Amino acid sequence: MRVIVWLVEGTWPACVDAARDHARDASEVVLLHVAEPGVAGLAHGAFAGLLGRAGSEPDPERRLVELGGASGAELLAAAEARLGLPCTRLERVGRVEREVVAAAGDAGLLVLARDGDRSRLGPHSLGRAARFVVDHAPCPVLLVWPEGAPDLTTMPPPPPHP
């Protein structure tokens, strides 16, 4: 079974731990990091439209791309060290939620963390990207709490009866 572990800054340790604990029989573990391409483009646009008139500063786009690549590589290296098992590193660029779903196309399991309000139980514990991935994943999903799960008392009340 191929296991994809979606790594996001701040929540990746819980995903790596869950993969190590629950996917011991995996034939392959893939550590996946996805970078959004838009940030460097936005910086370039701002520079060209507002800041580039003086001509004294270099365009920040290339530097931001370099920094993003280095950050992704560092995250993948840290995740591999924490996993302590043979694995494959995969870095993709694009719309995060769509890249994750595409990467899971031939997986037997996808591991991801909640990315919303993690202070209470309920549907808001999933942000936009995780909700999309959970709804569209072509394989079983292991959804983990990055920290311990909130107490059951945080569950929303039931809807009123008519």
Side-chain angles (χ1 to χ4, degrees), residues 1-45 60-150 152 154-156:
M1 168 176 70
R2 185 171 195 241
V3 175
I4 305 289
V5 183
W6 178 20
L7 305 176
V8 176
E9 197 69 46
T11 62
W12 67 267
C15 294
V16 170
D17 293 347
R20 188 182 55 241
D21 295 343
H22 298 288
R24 295 181 196 271
D25 298 329
S27 59
E28 180 183 19
V29 175
V30 177
L31 301 176
L32 170 67
H33 178 259
V34 182
E36 285 271 1
V39 174
L42 289 173
H44 171 72
E61 182 177 24
R62 187 173 72 194
R63 182 69 178 133
L64 285 173
V65 169
E66 291 169 358
L67 288 171
S71 176
E74 289 172 8
L75 188 141
L76 287 164
E80 182 176 13
R82 185 177 184 110
L83 181 64
L85 300 170
C87 62
T88 302
R89 296 183 194 181
L90 178 60
E91 187 144 21
R92 296 176 79 140
V93 176
R95 294 275 313 258
V96 174
E97 63 277 10
R98 293 190 177 272
E99 291 296 327
V100 172
V101 169
D106 61 350
L109 180 67
L110 172 62
V111 180
L112 67 134
R114 294 175 182 272
D115 64 349
D117 178 3
R118 298 188 308 260
S119 66
R120 61 185 178 169
L121 299 172
H124 297 290
S125 67
L126 292 179
R128 181 190 58 79
R131 169 62 60 199
F132 184 95
V133 170
V134 167
D135 288 346
H136 296 88
C139 64
V141 172
L142 175 57
L143 182 62
V144 300
W145 288 95
E147 305 86 22
L152 288 175
T154 66
M155 190 170 9

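Since the structure is predicted, the reported quantities are computational estimates derived from the model, not experimental observations.
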Under 3.5 Å donor-acceptor, Ser27 side chain and Met1 backbone
yes
Side chain to side chain, Cys15 and Val144, heavy atoms closer than 4.5 Å
yes
Do the side chains of Trp6 and Thr11 get nearer than 4.5 Å, heavy atoms only?
no
Apply the test side-chain contact (heavy atoms from CB on, under 4.5 Å) to residues Arg82 and Arg20: give CA-CA distance (whole Å), side-chain angles for both, the deciding distance (0.1 Å), then the verdict.
CA-CA 9 Å; Arg82 185 177 184 110; Arg20 188 182 55 241; 4.2 Å; yes
Please report the shortest heavy-atom distance between Glu80 and Cys87, naming the atom on each side.
CG-SG, 3.5 Å
With a 4.5 Å limit on heavy-atom distance, are the side chains of Val29 and Pro86 in contact?
no
Kindly compute the distance separating CD (Glu9) from NE2 (His33), expressed to the nearest 0.5 Å.
7.0 Å
Nearest-0.5 Å distance, CD of residue Glu99 to CD of residue Glu36:
9.5 Å
Heavy-atom pair with the smallest gap, counting every atom of Leu76 and Arg89
CB-CD, 3.8 Å
Sequence-distant partners of His22, ring-ring contact (aromatic ring centres under 6.0 Å, His included), two or more places apart:
none
Rounding to 0.5 Å, atoms CZ (Arg120) and CE (Met155) come to a distance of 13.0 Å
Please report the shortest heavy-atom distance between Pro138 and Gly105, naming the atom on each side.
CG-CA, 3.7 Å
Taking atom CG of Asp25 as the centre, does the number of heavy atoms from other residues, nucleotides or ligands within less than 6.0 Å exceed 12?
no
What pair of heavy atoms forms the shortest contact from Pro146 to Ala113, and how long is it?
CG-CB, 4.0 Å
Does the side chain of Leu112 reach to within under 4.5 Å of the side chain of Leu143, using non-hydrogen atoms?
yes
Give the intermediate values and the outcome of side-chain contact (heavy atoms from CB on, under 4.5 Å) for residues Val133 and Val141.
CA-CA 9 Å; Val133 170; Val141 172; 5.6 Å; no
Do you know which two heavy atoms are closest between Cys139 and Leu109, and how far apart they sit?
SG-C, 4.0 Å
Rounded to the nearest 0.5 Å, what separation is found between the CG atom of Leu32 and the CG atom of Leu90?
5.0 Å
Can you check whether Val16 reaches Leu7 side chain to side chain, under 4.5 Å on heavy atoms?
yes
Applying salt bridge (Lys or Arg N to Asp or Glu O under 4.0 Å), which residue pairs with at least one partner in residues 104-114 are found, sequence neighbours left out?
Arg2-Asp106
Can you confirm whether Arg98 is buried at CZ, in the sense that more than 12 heavy atoms of other residues, nucleotides or ligands lie under 6.0 Å from that atom?
no
When rounded to the nearest 0.5 angstrom, what distance separates OG1 in Thr88 from CD1 in Ile4?
8.5 Å
If every non-hydrogen atom of Gly108 is compared with every non-hydrogen atom of Pro140, which pair is closest and at what distance?
O-CD, 3.3 Å
The test is side-chain contact (heavy atoms from CB on, under 4.5 Å); show your working for Asp115 and Val8 and say whether it passes.
CA-CA 9 Å; Asp115 64 349; Val8 176; over 6 Å; no
